[in-house]
Amino acid sequence: QLQLVESGGGLVQPGRSLRLSCVTSGFTLDRYAIGWFRQAPGKEREGVSCISSSVENTYYKDSVKGRFTISRDNAKNTVYLQMNSLSAEDTAVYYCAARRTTVGGICGLSSAWYDSWGQGTQVTVSS
């Protein structure tokens, strides 16, 4: 059974960093595109970043470009989201999502594009 489990969230001061992990099981990670999403209270879920399967293209929401970095370690079945220079606007529940892709180099920042989701990890940025 395909599973995604996020971890690494927590409470952090503005300007600090966190690294989120998305550990996957039940499927061959290198055949899947992975996206990171977040949802703040009272707001819709939004795409933050994604990474393609075989060809490692990455995409970012404009507001996180230069601060967040997505990467994957297929041998460890894990995708990471390194988040630097965090601000209160980054406070949200962060989710990872997966979609099998038959064509490399593709991923998306639309939640509707993904098939499987993790349960989320809370990130709170506050002094």
Side-chain angles (χ1 to χ4, degrees):
Q1 183 176 0
L2 192 153
Q3 287 190 323
L4 301 94
V5 179
E6 303 93 336
S7 64
L11 173 63
V12 64
Q13 293 180 332
R16 305 300 290 266
S17 300
L18 280 176
R19 188 178 78 159
L20 305 183
S21 298
C22 173
V23 178
T24 69
S25 61
F27 62 101
T28 305
L29 181 59
D30 63 3
R31 298 177 184 177
Y32 283 74
I34 302 293
W36 279 100
F37 293 78
R38 66 188 182 187
Q39 187 166 19
K43 295 188 177 181
E44 293 187 354
R45 189 171 298 188
E46 62 179 6
V48 174
S49 181
C50 67
I51 187 166
S52 61
S53 56
S54 58
V55 178
E56 292 196 1
N57 290 332
T58 59
Y59 299 93
Y60 298 91
K61 175 181 172 62
D62 284 346
S63 63
V64 308
K65 285 180 181 177
R67 300 189 298 122
F68 289 12
T69 302
I70 191 170
S71 61
R72 63 193 296 154
D73 185 338
N74 291 333
K76 294 183 178 180
N77 295 319
T78 302
V79 177
Y80 303 98
L81 185 68
Q82 177 67 43
M83 306 187 296
N84 299 329
S85 301
L86 287 162
S87 70
E89 288 70 34
D90 298 313
T91 295
V93 178
Y94 283 71
Y95 301 88
C96 61
R99 172 172 170 151
R100 173 78 184 268
T101 56
T102 56
V103 177
I106 295 174
C107 68
L109 295 182
S110 169
S111 59
W113 192 75
Y114 292 86
D115 303 314
S116 301
W117 291 81
Q119 294 300 306
T121 185
Q122 176 70 48
V123 172
T124 302
V125 184
S126 175
S127 56

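Start at 1 with the first residue, then count along the sequence.
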message: Any non-hydrogen side-chain atom of Y114 less than 4.5 Å from a side-chain atom of C107?
response: yes
- request: Using the side-chain contact (heavy atoms from CB on, under 4.5 Å) rule, take V79 and Y32 through it: C-alpha gap first, then chi angles, then the decisive distance, then the call.
  value: CA-CA 11 Å; V79 177; Y32 283 74; over 6 Å; no
task: For the pair Q119 (side chain) and E6 (backbone), establish whether a donor and an acceptor sit closer than 3.5 Å, ignoring hydrogens and angles.
output: no
message: Taking side-chain contact (heavy atoms from CB on, under 4.5 Å) as the criterion, tell me which of V125, L86, L11 meets it with L18.
response: L86
message: Any heavy-atom pair between the side chains of R38 and V64 that's under 4.5 Å?
response: yes
task: Can you measure from CD1 (I70) to SG (C96) and round to the nearest 0.5 angstrom?
output: 9.0 Å
- prompt: In chain order, what residues pass the ring-ring contact (aromatic ring centres under 6.0 Å, His included) check against W117, with sequence neighbours excluded?
  reply: F37
- prompt: Among pairs that include at least one residue of residues 63-93, which meet ring-ring contact (aromatic ring centres under 6.0 Å, His included), considering only residues two or more places apart or in two chains?
  reply: none
- prompt: When rounded to the nearest 0.5 angstrom, what is the spacing between CG in L81 and OG1 in T121?
  reply: 11.0 Å
Anything under 3.5 Å between a donor and an acceptor, one on a side chain of residues 19-30, the other on a protein residue two or more places apart or in another chain? List them.
residue, atom, partner, partner atom, Å
T24, OG1, N77, O, 3.0

message: Nearest 0.5 angstrom please: R16 CZ to S127 OG, how far?
response: 12.5 Å
message: The criterion is side chain to side chain contact (heavy atoms under 4.5 Å, CB included); which residues satisfy it with A40, sequence neighbours excluded?
response: K43, A92
Where at least one partner belongs to residues 59-76, residue pairs that pass side-chain hydrogen bond (donor to acceptor under 3.5 Å, both in side chains), sequence neighbours excluded: E46-K61, D62-K65, R67-D90, R72-N74
message: Tell me every residue that passes side-chain hydrogen bond (donor to acceptor under 3.5 Å, both in side chains) with Y95, counting only those two or more places apart in sequence or in another chain.
response: none
query: side-chain hydrogen bond (donor to acceptor under 3.5 Å, both in side chains) with T124: which residues, sequence neighbours excluded?
result: Q122
- prompt: So S126 and T91, side-chain contact (heavy atoms from CB on, under 4.5 Å) or not? Walk me through it.
  reply: CA-CA 8 Å; S126 175; T91 295; over 6 Å; no
- prompt: Around R31, counting heavy atoms of other residues, nucleotides and ligands shown, do more than 12 lie under 6.0 Å from its CZ?
  reply: no
- prompt: side-chain hydrogen bond (donor to acceptor under 3.5 Å, both in side chains): which pairs involve residues 96-111, sequence neighbours left out?
  reply: S53-T101
message: To the nearest 0.5 Å, what is the distance between CD1 on I34 and CG on L4?
response: 5.5 Å
ring-ring contact (aromatic ring centres under 6.0 Å, His included) contacts touching residues 1-26 (sequence neighbours left out): none
query: Taking side chain as C-beta onward, heavy atoms only, is V12 less than 4.5 Å from M83?
result: no
field: Any residue meeting side-chain hydrogen bond (donor to acceptor under 3.5 Å, both in side chains) with Q82, in chain and number order, not counting sequence neighbours
entry: N84
